[in-house]
Structures are given as structure tokens and as C-alpha cells.
Amino acid sequence: MGSAEVDKHTPPSGDGAGKDVLTGLSNGIDRHRSKDKDHHSHKHKHKDKDREKSKEKSRDKHKDKHKDKHRDKDKHKEKSKDKKHDKDDHKHSKEDRKQDKEEKKREKEKLREKSEKASYVEVKSEPLSDEDDDMPLASRSFSQSSQIDSEDDDQPLAARKKTKTVVKTEKPVKRKAEEMADEENGDVSKKKNKKVKEEKKVKEEKKVKEEKKVKTEKQQSTPNGASPTKRGKKEKKEEEETWKWWEEEKHEDGVKWKSLEHKGPVFAADYEPLPGNIKFKFNGKEMKLSPAAEEVATFYAAMLDHEYVTKEIFNKNFFKDWRKFMTQSEKEIITDLKKCDFTHMLTYFKAKSEERKNRTKEEKQQLKAENEEVVKEYGWCTIDGHKQRIGNFKIEPPGLFRGRGDHPKMGMVKRRVTPEDVIINCSKGTAPKPPPGRKWKEVRHDNTVTWLASWTENVQGQVKYIMLNSASRLKGERDWQKYEVARKLKDCVEKIRETYKEDWKSKEMKIRQRAVALYFIDKLALRAGNEKDEDQADTVGCCSLRVEHITLHEQKNGKQYVVVFDFLGKDSIRYYNEVPVEKRVFKNVQIFMENKKPGDDLFDRLNTTIMNKHLNDLMEGLSAKVFRTFNASNTLQEQLDKLTESKSSVTEKILAYNRANRAVAILCNHQRSVPKTFAKSMENLQKKIDTKKEAIEAAEKSYKDLKKEAKKTGAAAASIAAGKKEKQLEKLKEQLMKLEVQATDREENKEIALGTSKLNYLDPRISVAWCKKHDVPIEKIYNKTQRDKFQWAIDMAGPEFVF
DNA sequence: GAAGGCACTTAGTACAGTGAAC
DNA sequence: GTTCACTGTACTAAGTGCCTTC
């Protein structure tokens, strides 16, 4: 299929092309059916069928897209069901086991529900119409055994999954993560570790000296006027914060801690029923709800002003779940969400919120003190003899699930977590006490994991964890290691690039797909793109890109061989990019798209496991995500080198830093919604600019007048005044320039989030070194929390550090 | 070897806190 | 003292990738 043909099925790219990309995509494409297509699309077959159906049903194109994907996801279900038909008993038993598991899971759920009796009235599940199971059974059975291409290893994954003849090109031995981690550190960090060991003695001596110094200072300061408690607190805090774990020996393989003690999590406060005068109305009639139903109703009421409640799926899920918390009589009465009136509740919450805002200083202070007490008690743990902050010691309160994008589960009730749901992890003999009269689900002593407590959340069945905060050793060590792997990639990236460029020419489709995908991951810092379940929002990454997500242009805006990417990535954030690529990549993509429907996988012979296996063969510890870290950090280093002028002022240097940071954020597609106050603040800034311009105009006029006068009269006074005016004018112009730069900066940053890259992708040693080299205070780049997180880097990196 | 589980990182948003401007 | 706008933090959803199970 030529690109023109592809283009025919895609909307004009460019402005606003995003969500409309699907429009008309299926037009005519179905006509290209081939052998390859047939077997490749086993997993797509039914989704295509359904897609056509859904097209008729749905008006919203974007929605359609998601629906399609959910059907896409059905393909996995179907896949496994097909297997059931085609394959041996083993598959049957697999399916059975799966069902067994699900049943067990359901039983567990039930048990948990029972345990929550205390907080909710238990109601037997209501047989509301279940639309989830609308997949036609007929479409599930589909044999494909005969459709496998005879070409070696050059088959779509869907087909290959059925055969056992996959040629294994990868190294057979897969090593343990711990081994890898150790060896990762090996190459790059080993030297450092050695150095660290050598220096350890010296440093320990230094440390002892420092401690002595601190002690003496303490002793000296306490009798002084300064508040002893305040000082003591500060010093204690500092002591806690300055555990230089990076100078210590690492734990052995897989061991995360030797001792761990904590007080357990903090549970959400019990539900406080609404005052009697706050009424819920159904069909215009006031109604007092049972406590359980009322609590869930308040979750919804509190969100009435939010966009979520305009979404059908949100309302549907909420109502279905809400009914589970109603009494029999409530269920009989409350039959339609549209007839429910929660506004009185919302008004009450708003008033409460106002009340909170208007608290007196004393009240606020008291509240703050109370919170601090809680943090003091539950916010810290003792790990290997050191006190460390816990990141999230509060258990998530109940509420409505706020899935992002078009999440099929949004609006479902997130149930209250009880001690009976919680697994505690700590040293033997140190288990925290559960709340009075309650029990933990389990207490374990697993020192190969970093979490302190966990529970399984009911909406998605995911495990949630209580973990240490980012300033802790456990997090810092991993962070350091992450950047070391990225630096290791820097040393061999050129070779890897040569390899994948060579692979673009491979005879094997699988290898060509892998090579092109890797090129995208490397060039565009795309995420790997794991496959997703049908009960999640339809988002993709590189390996899971579908044909509908890209458009090819032989020529676009004066550039040759342009690939236009338009898809929803993580958090349903749109990724739109027009990328000129090498001809060979372009031609390959053309081939990958041939005879495929919009909803088909672009890389049908590739997934993240295959990609990462390959990457790990190229370099130990390498996975797709390392490219993002590497490219982000590398970009920062390059941009800083390019943009920083050593003669500039600190302000200008910071501007340069922010620009470099922004370049990375753009690369990684870190977006944010435009701040609510943006328009207004821009308006204010514009006003300032206008005022400044007026001032400049006036100053210019008076300068001219003064100059004229000086020339005319030759008076020294007039000449001095003109000189002064000139200086004033220059100053004003400079101020104007600054304001205009600020406006540009703000405008450019409107939709870009700098924090994510700073926190997760940029090797902090680059920033630290840059600060040290250019005499920029580190506080200008990192706030307190960030400095805590990157303490290791601040301590470690000198001005000479280069990524 | 597919699928699911698990542990962890990465992500954007909401809101509280804070300090500057008026 | 009040308002406004920006910053920092808490929160929790959504990714990645390795490991285990069957």
C-alpha cells in the first residue's frame, strides 16, 4: 500500500487532528485482505466486526476509538477462548484454573465485604442489567491453525503464539534481577564503590569529626538565647536527613533492609453522618438515607461540579455501585439517578469548606499541630537503625474512582479499607498494633521488598502500598542506579543505533519491526507500550501503536518522509508529533501498515517483552524505559552546555536552565492542563507590560524635550537631567524586556509540566554540577523536598561531573 | 511461553500554604 | 488586612518490567 492510499484513510493532519483521527478510517480498508492479514488479525478479527457495529452506534468518534479498543481488548479474551477451541486440554485446564482463580477472588471479595459490615450495611448484589458481557459468543471461536505463514519467524505475534516453532535468537539464560542490578552497578558503579570504600575510612574519620563539631555546637548553642527546643528539633531533623547511605556498603542481593519498624498506616476517619437538615431528594421528595447509602451519595454530591458527572459511564458505574450500599427499600425507591437531587449536600459541603477556610489563626495552628503529631507518630519508620520518612502513611479514603481519560471503571465506589484488608511488613517481633478490636489481614517479614503495608483495592484489584518517601535510602539508591544504567547506555548507544539501522534492512519482518520501534523509542523518547486490559482506558505506547495512530506523508510542510503520530499515551495525554524520518524507516512503516485496518497493531510481531529481551541482550540492564531517562538527561546536559553563558547573571542562567528543562519536558511530552488562573494572570501581566510601555513613551518624550532644551540653552543642569532621563529610559526598557520575556516564558510553559522530568528523568548530578560550576545556588533549582530527594547527588557531584 | 502477579516508578491534579501586591 | 497568584505537597492513577505459575 502506497502512502497515498494510507493518507486517503486518514484525516488531514495538523491542527486538531487528534481525536478525529479515527474518522472514516475504516473506509475501504477492509478490502485489503490477505493471508497474512487473516492470521495476523486473529486477535483483531472480532474487534473489527465490533468496530463496525460500534461505528453505527456511536456518534462520538473519540469514544468510538475507546470502545474499539475495549473490543480490541476483547481480543485477548477471545484469543484465549480461541485457544480453548484449537488447542489441547492443557489450555482447557488453564482456562479452568483461571476461572477457579476468579471464583476464589470473588470469594475473597465477598469475605472482605462481610468484614466491612461494621461500616456498611451489607446488601446482596442487585442484578442490574449487565452490559459488560455483550461480546457475541460466536465471535469467540475462531480457528487459525491453518493461517500461519510459512516464513520463518516472520509471523504476527497472534499467530506465533499458536506455534511452538519460534526460533530462539536470544540468549537462553535469563538472570535474576538482583544479579543484574549488581552487575549494572558493577561496570559503572563498581569503580565508584571501590573508590567509596577506599574513601570510606577517611570519610568516617571526617564524619566523627563533624559529629563532634555538631555536638560541641549543640552544647554551645543551647545555653544561648535561641529557643532550645526549636534548635534541638532542627538538629534532630538534620541528623535524620543526613544519613549518607551512599557512602555505606550495599545490602546483599535482593535484600532491601535488615530491620524495619513502623507504626502501621493511618486509616481514613469514620464516616460522619450528615446533619438531619441536610436532605437528599428523589423525584422532588426528601428522603433520609441509611448511613451507608448516604456516605456513597456524599461522594457523588461532592463531585457535582466536576466534569466527571457529565460522563455517562461515570454515572452508570456510580449508580450501579451505589445501589449495592442501599437498603432494600431504598433500592425500590431510588431507581433512576437522573431523579436524584444531591444539591443540598453539595451546598452543605461548600459551606463546610468555606468554614474551614475562614478558621481563625489559632484554630489553624491547632490543626497544624495536630497534624504534625500524627506525622510524628505514623509518618516515620526506623529502617536499619535510621529514621526515615514514609511517603504515604495514610490509607486511601473511600470515594469514587477517578480513572483518567475514558476509563471504563470511572465512578465505581472505592470501598473503605479496614485493618482486615491490610498486610503489614516489618521485622519480626515489631508488628504495630492494629486499631483496638481489629486485626491485620497478615503480618509478614519480607526484607526483599520495600513496602511497609499493602492492601488490594477493590475497583481494579490492584495492590496498593505504603512506602518510604523519595528522600529515603531505598528510593535514592534505586534512583542513583537508574541514572547509572542510563549513563552506561550513553557509552554504547551509538553501537545500538548502528545495529538497529542495520536491522531496518533485515529480511525478517519481526526484526525490522523491532528496529523501527526501537528507533522511535530512541528518537522520540516514546514509552514501551505494554498491552492493556479491556477494563482500562485505551492508551498506547510504542509497541502497542495501532495503524490508526500514524499517518504517512511523502512530503509535508517542505519535509520529506514525515510520520505523523497522534495517539493517547499515559494518563490519556495526547501525543502529537510530525516527524521526518529516514527513508528506510518510512518505507518500512508503509509495509507494516499494508493490508491492515486502522485498529490493527502497527507492530504486530512485537511486544514489550520481545523488545526488552533484545535490549537486555544488547546491554545488561537495558530496557525501553532507559532510553527515556538517557535521552532526557542527555538533552539536559547538551542544552545546558549550549545555553549557559558563564558571564551571564544568575537570573539569566536560571532562565537557561529552565529552557533546557523545558526542552526535556517537550521531548517526554509532559503536559499539564492550563492553570485555571492562567488567563487572568496573563491579562495582569499584559497590563503591566502596557503600563511599562506607556511609561517608556512618556520617558522618551521627556528625554527628547530635555535634550532639545539642553541643546538650545546649553545649560549644564538640562544636560544632566537629560542624562538621567536617558538612564531611566534604559532601565524602563530593560524592565519591559524582562516582562515580555516573562510573558513568553509563561505562555510557553502554559501546557508544559517541568516537574515530572526534573523529578524522574534528569540525572540530578547534571544540575548539581551545573550549579557548582556556574555559581548558581542549588536552592534556585531544587526546592527543599527536591534537595532532600537528591541529597546523594548534591553530596556526590562536583562541578566536573558530566552525564 | 502466555498470562497474571507483584513491586516499583512515573504521572497529572487538587488543594493547602505562602508571600507579594494592593 | 485582604486578595491574588504562585509554589509545594499530598494524593492516587497509570505506567514499566521482572518474576512466577501453570
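Every chain is numbered from 1, with letters handed out A, B, ... down the list of sequences.
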[atom1] of [X] versus [atom2] of [N]: gap in Å, rounded?
{"X": "A/Q462", "N": "B/dT10", "atom1": "CD", "atom2": "C1'", "answer": "14 Å"}
{"X": "A/M412", "N": "C/dA13", "atom1": "CE", "atom2": "P", "answer": "12 Å"}
{"X": "A/K414", "N": "C/dT12", "atom1": "NZ", "atom2": "C1'", "answer": "6 Å"}
{"X": "A/N607", "N": "C/dC18", "atom1": "CG", "atom2": "C1'", "answer": "14 Å"}
{"X": "A/N749", "N": "C/dT7", "atom1": "CG", "atom2": "P", "answer": "10 Å"}
{"X": "A/E534", "N": "B/dA3", "atom1": "CD", "atom2": "C1'", "answer": "13 Å"}
{"X": "A/N530", "N": "B/dA2", "atom1": "CG", "atom2": "C1'", "answer": "14 Å"}
{"X": "A/F678", "N": "C/dC4", "atom1": "CZ", "atom2": "P", "answer": "19 Å"}

**Prompt:** From C/dA10, B/dT10, C/dT12, pick the nucleotide closest to the side chain of A/R389?
**Reply:** C/dA10

**Request:** Go through C/dC11, B/dA7, B/dT9 for me and flag the one nearest to the A/K394 side chain.
**Result:**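 Nearest to the side-chain atoms of A/K394, counting from C-beta on, is C/dC11.
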
According to a strict under-4.0 Å criterion, is [X] in side-chain N/O contact with OP1 or OP2 of [N]?
{"X": "A/K409", "N": "C/dA13", "answer": "no"}
{"X": "A/Q786", "N": "C/dG8", "answer": "no"}
{"X": "A/N392", "N": "C/dC11", "answer": "no"}
{"X": "A/T539", "N": "C/dA14", "answer": "no"}
{"X": "A/K532", "N": "C/dA14", "answer": "no"}
{"X": "A/K784", "N": "C/dT7", "answer": "no"}

**Prompt:** Between A/K414 and A/W455, is NZ or CZ placed under 6.0 angstrom from the six-membered ring centre and within 45° of the ring axis?
**Reply:**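 Here A/K414 fails the 6.0 Å and 45° test against A/W455.
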
**Nearest atoms (heavy-atom pairs only) where A/M611 meets A/A517** = CE-CB, 3.6 Å

**Complete:** Tightest non-hydrogen contact, residues A/R359 and A/K364, listed as O-CE, 3.7 Å

**Whichever of A/N783 and A/V626 has its nearest DNA chain C nucleotide further upstream toward 5'** = A/N783

**Request:** Starting from the 5' end of DNA chain C, give me the residue, A/T608 or A/P397, whose nearest nucleotide shows up first.
**Result:** A/P397

**Complete:** B/S/- along nucleotides 11-22 of chain B (protein heavy atoms under 4.0 Å) is SBSS--------

**Prompt:** Any side-chain heavy atom of A/D538 within less than 4.5 Å of one from A/L568?
**Reply:** no

**Prompt:** Do A/R746 and A/K750 touch side chain to side chain, with heavy atoms closer than 4.5 Å?
**Reply:** no

**Message:** Here's a test of your reading of the structure: between A/Y483 and A/S454, which maps to the more 5' nucleotide of DNA chain B?
**Reply:** A/S454

Is [X] touching bases, backbone alone, or none of the nucleic acid, heavy atoms closer than 4.0 Å?
{"X": "A/G529", "value": "sugar-phosphate"}
{"X": "A/G541", "value": "nothing"}
{"X": "A/T450", "value": "sugar-phosphate"}

**Asked** Are A/Y308 and A/F314 close enough that their ring centers fall under 6.0 Å?
**Response** yes

**Request:** State whether A/D617 and A/K613 are salt-bridged, where the test is any N-O pair (Lys NZ or Arg NE/NH1/NH2 against Asp/Glu carboxylate O) under 4.0 Å.
**Result:**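 No salt bridge links A/D617 with A/K613.
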
**Prompt:** Between the side chains of A/D479 and A/Q481, does any donor sit under 3.5 Å from an acceptor?
**Reply:**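 The answer is no; no qualifying pair exists.
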
